[in-house]
Amino acid sequence: MVAQIKRELAYIHRHWCQIGRPTVTLLLTEAMLDFGAEALLDLMQELKTGECSGVPVKLGNLNQLVRTAGTERIDFLHDFEFAQSPVKDAGIRGFGG
C-alpha cells in the first residue's frame, strides 16, 4: 500500500499541469493500521520531511491547503450519478497485498 501511495505521488508530480497544487487525501482506517502500522508510520515520517521519494510534499490542515489547491469541475459527466454511500462504507478495497 505504501509503495502504491508513493507511485501515485510520483505520477501526479510528473504529470500535474493545472493551476494550483494537487491535493491528495489519505483515508486511513483501523484495519490498515492493524495490517501495516509500521510502514504507514514510516511513510508519515517521510512525508513530514517535505519530500517523499524525491517528490516535494506539503502537509497541513485541509482548510489551509485548499487555498492553493487545484480545483476541477466534474459536472460535465452527463448522466453519471455518484453513489450516496457514506465514506465509512468504503472499506479498504484496492489496498490488498
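Computed over heavy atoms, backbone and side chain alike; hydrogens, waters and symmetry mates excluded.
Put simply, OG1 on Thr25 and CG on Leu65 are 8.5 Å apart, with the number rounded to the nearest 0.5 Å. Rounding to the nearest 0.5 angstrom, the gap separating the CG atom in Leu26 from the CG atom in Leu43 is 7.0 Å.
Leu40 and Met32 get closest at one heavy-atom pair: CD1-O, 3.8 Å.
Residues Ser53 and Arg7 have side chains not in contact (no heavy-atom distance under 4.5 Å, counting atoms from C-beta outward).
Applying the side-chain contact (heavy atoms from CB on, under 4.5 Å) criterion to Leu59, with sequence neighbours excluded, gives Leu47, Lys48. For Asn63, the side-chain contact (heavy atoms from CB on, under 4.5 Å) criterion is met by Asn61, not counting sequence neighbours. Annotation: side-chain hydrogen bond (donor to acceptor under 3.5 Å, both in side chains) contacts of Glu51 (sequence neighbours excluded): none. Contacts of Glu46 classified as salt bridge (charged side-chain N to carboxylate O under 4.0 Å, His left out), with partners at least two apart in sequence or in another chain: Lys6.
Here salt bridge (charged side-chain N to carboxylate O under 4.0 Å, His left out) pairs that include residues 24-42, with residues two or more places apart or in two chains, number zero.
Clustering ILVMFWY residues whenever any of their side-chain heavy atoms sit less than 4.5 angstrom apart, transitively, puts Leu41 in a cluster other than the one holding Val24. Neither Tyr11 nor Ile5 shares a network with the other; the hydrophobic side chains, linked directly or stepwise wherever heavy atoms of I, L, V, M, F, W or Y lie under 4.5 Å apart, form separate groups for each.
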Which pairs of donor and acceptor atoms, one on a side chain in residues 14-23, lie under 3.5 Å apart (sequence neighbours left out)?
| residue | atom | partner | partner atom | Å |
| --- | --- | --- | --- | --- |
| Trp16 | NE1 | Gln18 | O | 3.2 |
| Trp16 | NE1 | Gly20 | O | 2.8 |

